[in-house]
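What follows is one structure encoded as structure tokens, with my remarks underneath.
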2 protein chains.
Amino acid sequence: MDSDRPRRPTLDTVASAVGVSRATVSNAYNRPDQLSASLRTRILETARSLGYAGPDPVARSLATRRNAAVGLMLPQGLSVAFTDPSLSIVLDGLASTVDGHDHCLVLMPGNDTGGPRPETVSRAQADVVVAYSLPDSAPALSAVSARGLPLVVIDQPVISGTARVEVDDSGGARLAASHLLALGHSRFGILTFALHPDGYRGPVSCSRRASIPFRVSRDRLTGYLDALENGGVAAENVPVWEASGSGRELGREGARWMLTRTPRPSALLCASDQLAFGALQAARDLGLSVPGDVSVVGFDDVPEASVSDPPLTTVRQPLAEKGRLAGQLALKLLAGARPPRATRLDVSLISRASCAPSK
Amino acid sequence: MDSDRPRRPTLDTVASAVGVSRATVSNAYNRPDQLSASLRTRILETARSLGYAGPDPVARSLATRRNAAVGLMLPQGLSVAFTDPSLSIVLDGLASTVDGHDHCLVLMPGNDTGGPRPETVSRAQADVVVAYSLPDSAPALSAVSARGLPLVVIDQPVISGTARVEVDDSGGARLAASHLLALGHSRFGILTFALHPDGYRGPVSCSRRASIPFRVSRDRLTGYLDALENGGVAAENVPVWEASGSGRELGREGARWMLTRTPRPSALLCASDQLAFGALQAARDLGLSVPGDVSVVGFDDVPEASVSDPPLTTVRQPLAEKGRLAGQLALKLLAGARPPRATRLDVSLISRASCAPSK
DNA sequence: TTGTACGCGTTATCAA
DNA sequence: TTGATAACGCGTACAA
């Protein structure tokens with residue numbers, strides 16, 4: 001018999017040490033009013049002396065079916081959450097809403113398929129899950145619904161039975177493109193972040209434009225091209241560069257390609273401010289002036305957009321609000337509410353110094 | 001009997017539907033090699049048709065004693081993680097190390113006591129916990145060790161049995177103060193973030209300086225004052241403003257107070273770059289020139305420090321490295337290693353344009 | 001206060 | 001090989 005190895009103490013250990021039942025020890029921790037103060041003290045002291053740290057969280061979750069945690073599914077690795085400025089703002093909004101409810105936030109890393117692996121989802125301990133901009137029909141999404149967890153999606157198409165927060169991305173893109181058209185531009189370039197979750201960076205072929213799984217990329221690209229078509233610019237003549245993410249360096253790389261083409265575009269439509277900042281850098285690298293030689297429009301309106309050189313004309317979307325709303329929805333679902341109708345947030349064009357009339 | 005309510009299917013449900021034992025169904029999910037392919041297929045199909053989403057994560061964790069999650073204890077609400085630039089960089093480093101190991105990151109919110117509540121900790125489902133700059137002897141820390149979870153501390157004093165990453169904060173502070181002394185300054189002001197986790201903002205009394213629970217604040221403040229004393233400046237004559245956090249607005253507020261005193265300090269020592277940026281703003285507000293009228297030194301060297309107006313002289317600490325190291329330690333502890341010796345990271349002074357010789 | 005059924009799997013060990 | 005048996009993990013909650 002090796003029953004003398006030092007096993008972790010459990011409720012039972014404490015119960016038999018004190019000479020009461022397991023239920024009473026449980027009550028000592030969870031319902032102080034169910035037993036006398038003196039017994040409770042005796043129990044807690046015995047527990048301490050035995051090195052018992054209180055009810056095991058996992059066992060407790062198993063019994064209560066609650067985890068006191070909000071899950072968040074990311075489209076990429078964990079670090080995007082802390083790296084991408086616009087995502088951080090959304091998450092700040094989400095976090096400040098969830099804060100004060102004593103819930104943890106469980107970040108679920110995505111991988112190169114554009115979201116967490118289904119296995120990651122099935123292991124994650126959360127009571128409600130928020131999905132941020134995953135590709136349509138990501139396996140992670142079905143994994144959540146298979147588990148029957150309430151789901152809030154941000155920047156995704158309608159998924160039945162889930163709450164949803166969305167922004168008018170195609171409207172925003174049209175705003176940006178129309179602005180440039182109104183300034184007389186006719187040679188455009190489009191810089192977008194990932195259309196497909198395969199890590200590709202480079203010029204976008206027609207076939208690649210066909211079925212784009214990321215709703216945001218799809219809507220922005222479509223919005224740009226629609227507006228340009230309406231303005232008399234044939235979509236097939238507009239070069240599109242796909243960056244694998246939304247980083248500044250990626251934008252710089254794409255813009256360099258764009259700005260060294262012949263003919264050189266006089267206006268760059270960028271799907272995010274980060275890409276646009278990279279484009280500003282690329283222009284500097286090439287000795288081009290913005291907006292003298294090329295106009296640049298971003299998307300998001302992160303704080304830096306107002307202080308960049310030059311300040312960036314961009315499409316403002318209410319990032320913090322988006323996160324707050326998602327947080328509120330998550331809390332509602334947590335409380336058992338049915339998913340309400342989707343809220344659509346508005347966007348607007350913020351005109352700054354990075355655009356000028358075409359010469 | 002109300003046994004006809006639709007309970008969620010479990011392993012047993014599937015097992016009896018297929019006519020095998022629970023163990024076999026479990027094997028179908030976890031050890032495909034333990035049963036024939038055909039039986040496995042049959043099991044998985046039955047499971048699907050019953051709406052069974054696979055083994056319950058909580059029950060599985062209970063049985064395996066593993067959660068596939070890394071916990072992170074924050075000194076404040078969840079949103080600091082996405083809001084504070086220097087913290088975000090640390091977390092990026094941490095996250096990129098943990099990424100690829102299929103672990104979730106569980107963010108545990110702190111409250112106004114300077115860390116997560118012990119209850120939050122005892123409920124959190126994680127296999128290892130990282131603590132970021134909590135006050136000494138925070139209840140959350142004992143809660144972790146009570147649970148017997150491996151712990152990595154960042155920016156904290158020695159805690160026996162835990163792995164640790166630290167930076168030479170007092171050395172960095174001395175560097176900053178010596179630099180200003182060397183420039184001939186003699187009237188100083190110190191701007192620090194929270195010394196105590198009570199939300200106080202304002203001038204710091206002597207008693208408040210006595211026992212400071214935040215190691216980082218304590219070491220930086222001590223470092224500043226030590227160096228000043230060595231330079232012949234009496235510590236008791238140096239005004240200290242405590243901001244409740246590290247935000248820019250908080251720095252602006254403190255610097256305004258500092259710069260409207262008589263005599264006005266000619267040099268401001270700021271415990272973070274964010275506070276320093278606020279100080280730059282306060283100087284602008286008051287029509288003072290930096291470094292003409294007042295010199296400002298920060299701490300951290302976040303990216304913005306090199307592009308602020310004026311570029312900020314600051315103490316560089318390896319933020320990303322700090323996070324990466326913490327991540328590596330967490331992974332090691334996860335693998336069962338003993339906590340290695342603490343690693344101490346070096347700091348250096350980055351001299352930019354925000355300091356000038358005293359007139 | 002307590003007895004006890006229940007929550008849901010995992011993983012030896014054993015038998016065919 | 002293939003699959004089954006049964007002990008174990010640790011609490012919660014309700015009826016008595």
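Letters A, B, ... mirror the listed sequences (proteins, then strands); counts begin at 1.
- In this model, the phosphate group of dT1(C) is not approached by any side-chain N or O of Thr24(A) to a distance below 4.0 Å at OP1 or OP2.
- Between Arg31(B) and dT11(C), a side-chain N or O to OP1/OP2 separation shorter than 4.0 Å is present.
- Using a 4.0 Å heavy-atom criterion, one finds that Asn30(B) contacts the sugar-phosphate atoms exclusively.
- Considering only heavy atoms from C-beta on, His103(A) stays 4.5 Å or farther from Leu78(B) through its side chain.
- Between Leu11(A) and Asp33(B), the residue whose closest nucleotide on DNA chain D is further toward the 5' end is Asp33(B).
- Between the CG atom of Asn67(B) and the P atom of dG9(C) there is a distance of 16 Å, rounded to whole Å.
- In this structure, Arg65(A) places its CZ atom 11 Å from C1' of dC6(C), rounding to the nearest Å.
- A salt bridge does not link Arg215(A) to Asp136(A): none of the charged side-chain nitrogens sits closer than 4.0 Å to a carboxylate oxygen.
- Using a 4.0 Å cut-off on heavy atoms, the residues of residues 53-62 of chain B that approach DNA chain D are Ala59(B), Leu62(B), listed by number.
- Residue Ser21(B) places at least one side-chain N or O under 4.0 Å from the OP1 or OP2 atom of dA4(D).
- Rounded to a whole Å, the CG atom of Asp12(B) is 14 Å from the P atom of dA6(D).
- dA12(C) atom P lies 11 Å from atom CG of Asn27(B), rounded to whole Å.
- Between Asp127(B) and Arg66(B) there is no salt bridge, since no side-chain N of the basic residue sits under 4.0 Å from a carboxylate O of the acidic one.
- The two residues Pro135(B) and Pro197(B) make their nearest non-hydrogen contact at CG-CG, 4.3 Å.
- Within the 4.0 angstrom heavy-atom criterion, base atoms lie near Arg22(B).
- Remark: the Gln125(A) side chain and the Ser61(A) side chain contain no N/O donor-acceptor pair separated by less than 3.5 Å.
- For the pair Ser26(B) and dT10(C), the criterion of a side-chain N or O lying under 4.0 Å from OP1 or OP2 is met.
- Within 6.0 Å of CZ in Arg123(B) there are 12 or fewer heavy atoms belonging to other residues, nucleotides or ligands.
- Within the 4.0 Å cut-off from OP1 or OP2 of dT11(C), not a single side-chain nitrogen or oxygen of Tyr29(B) is found.
- Side-chain N/O atoms of Asp102(A) and Thr120(B) include a donor and acceptor closer than 3.5 Å.
- Checking dG9(D), dA4(D), dT2(C) against every side-chain atom of Val20(B), the shortest atom distance belongs to dA4(D).
- The minimum heavy-atom distance linking Phe82(A) with Leu91(B) is given by the pair CE2-CD1, 3.5 Å.
- Of all the residues in residues 35-50 of chain B, Leu35(B), Ser36(B), Leu39(B) reach under 4.0 Å from DNA chain D with at least one non-hydrogen atom.
- Taking 4.0 Å as the cut-off between side-chain N and carboxylate O, Glu45(A) and Arg48(A) do not count as a salt-bridged pair.
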